[in-house]
Amino acid sequence: MSTAPPVSMGLPIIDLDLFLSQSRDSPAVQTECKKAADALITYGALILRDSRVSEEDNITFLDLLEDYFAQPLEDLQKDERPELSYQVGATLENTEKPKCAVDEPCLRIIERLEPSERPLDISAHSPDPKCRFFYKMSEKPPYETKYPSLNAPNVIPQAEHLKERWVPTMDKWGASMKRAVENLADMTSIGLGLHSDTFRVAGKYGPHILAPTASDLRKYGEKDTILAGFHTDLNFLTIHGRSRYPGLHVWARNTGKRIPVKIPEGNYLLVQAGKQLEHLSGGLIKAGFHEVVVNDKTIEVIEKRKEQYPDRPLIRISSTFFWHLSSDYDLVPIPALAGRAQRLRAGLTYHDDEVLYEPMKVGQQVQNELKHIALMA
């Protein structure tokens, strides 16, 4: 565990330990919850401290996923499920497209940014060179869902060197991140003036996904390679453990500034707002834009890893978990939050196009977004 003051590159650090150790009515907890909500409103992202999280578990997880994605292509292809819109199992490189490459409102956001703050150019960007694996961490609903493909059973790799390690490692690390992000959802509910379990109840049967990405840095390790083009996440909250390789940038909503993310060592996680939270809050909290690219710091780590671990795969794994609202939940802006959003937007000097958040089921919202990124026909 790290005892030195952490560096988060400008993102607020939220203390989950404080929230869990005191009464929810205490002034300190109320202040920390408001700080969490304000961080998501202002930045669309925050750093979360949770002493229950083990760096050792993250390392074990990263090792397993490096070994998995180092397999031959034909073995990885066995785990693809395109008929389920890639919502379980593997998604191989050059499949998922960054929505912003062709989405006019998103392109206008990029145009409004100062040239020095813009993402790497995705206007001619082909599908992302990253791979992904989706491993569900959801609770089966006690009713028949209208969206069965979003709630399909997991794919388990069958290679001898993986299958014994797979489920215990994925379950352990996934449970750590799910627990942390659900507690943060409670903090955010309180900080926004809602009942503490508002978001937790809405996501009780969500198709939550442990969703690591993998980028082969032997093939895609040149400077300014786009590993994941400028985009937002379609879910409610995304939580990340520390990757071994830098390259993640997020954009602060209030300033439009690009922030290179550095998750401190130890018990820290990165959380980003997704489109479901944006929709439910009527735009008070905006889904956070981000990209993953190869920069000078990425290349420095590549060279160090080559020297220190010559027998390990050079694959950038993101330790990512997508927390969703339940697929059959009615996604309708909460009036009190939508009213705050209107007042906030009026006072911003930097903002994007006004959005109409139409009522719909969460499952429909997910399917709409999957079509945009070429994962669903």
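Residue indices begin at 1 and follow the sequence shown.
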Does Glu278 reach the main-chain N or O of Gly283 with its side chain, forming a donor-acceptor pair under 3.5 Å? no
Find the distance between CD1 (Ile315) and NZ (Lys219) and round it off to the nearest 0.5 Å. 10.0 Å
Less than 6.0 angstrom separating the ring centers of Trp166 and Phe133, yes or no? yes
For Thr60 and Trp173, test the side chains for any donor-to-acceptor distance below 3.5 angstrom and give the result as yes or no. no
Short side-chain donor-acceptor distance under 3.5 Å, Tyr205 and Asp328: no
Can you tell me how the ring of Phe230 sits relative to the ring of Phe289, calling it parallel under 30°, perpendicular over 60° and tilted otherwise? parallel
Report yes if some heavy atom in the side chain of His240 is under 4.5 Å from a heavy atom in the side chain of Leu269; otherwise report no. no
Arg244: what forms a salt bridge (Lys or Arg N to Asp or Glu O under 4.0 Å) with it, not counting sequence neighbours? Asp63, Glu66
Applying salt bridge (Lys or Arg N to Asp or Glu O under 4.0 Å), can you list everything that pairs with Lys361, at least two apart in sequence or on another chain? Asp330
dist Leu48:CG -> Phe19:CZ (nearest 0.5 Å) comes out at 10.5 Å
Test salt bridge (Lys or Arg N to Asp or Glu O under 4.0 Å) applied to Asp75 - qualifying residues, sequence neighbours left out: Lys78
Are the side chains of Tyr147 and Gln364 in touch, meaning some heavy atoms are under 4.5 Å apart? yes
Can a side-chain donor-acceptor contact be found between Ser138 and His208 if the only test is distance below 3.5 angstrom? no
Short side-chain donor-acceptor distance under 3.5 Å, Ser319 and Asn58: yes
Thinking salt bridges, do Lys306 and Glu303 make one under a 4.0 Å N-O criterion? yes
Check: Phe199 ring centre within less than 6.0 Å of Phe236 ring centre: yes
Cationic N near anionic O, under 4.0 Å, Glu182 to Arg179: no
Just so I know, are the side chains of Arg312 and Asp67 near enough to count as touching, which here means a heavy-atom distance under 4.5 Å? yes
Ionic contact status for Asp17 with Arg49, cut-off 4.0 Å: yes
Is the centre of the His279 ring less than 6.0 Å from the centre of the Tyr357 ring? yes
Please tell me if the side chains of Leu11 and Leu46 come closer than 4.5 Å, counting only heavy atoms from C-beta onward. no
Do the non-hydrogen side-chain atoms of Gln342 and Leu284 ever get within less than 4.5 Å of each other? no
Less than 4.5 Å apart, any side-chain heavy atom of Leu20 and any of Asn183? yes
Tell me, do Gln87 and Arg81 make a side-chain contact under 4.5 Å, heavy atoms counted? no
For a quick test of reading the model, state the closest non-hydrogen atom pair linking Ala273 to Lys286 and the distance between them. CB-O, 3.6 Å
Does Tyr135 form a side-chain hydrogen bond (donor to acceptor under 3.5 Å, both in side chains) with Asp171? I'd like the steps, not just the answer. CA-CA 9 Å; Tyr135 183 83; Asp171 281 352; 2.8 Å; yes
Tell me yes or no: between the side chains of Tyr268 and Asp50, is some donor less than 3.5 Å from an acceptor? no
Could you verify whether a donor N or O on one side chain and an acceptor N or O on the other, from His249 and His290, lie under 3.5 Å apart? no
Would you check if there is a donor-acceptor pair between the side chains of Ser189 and Asp186 at a distance under 3.5 Å? no
Show the nearest heavy-atom pair for residues Gly256 and Trp251, with the distance to one decimal. O-CD1, 3.5 Å
For the pair Lys275 and Glu369, find out whether any cationic side-chain nitrogen is under 4.0 Å from an anionic carboxylate oxygen. no
Under a 4.0 Å N-O cut-off, is there an ion pair linking Glu111 with Arg118? no
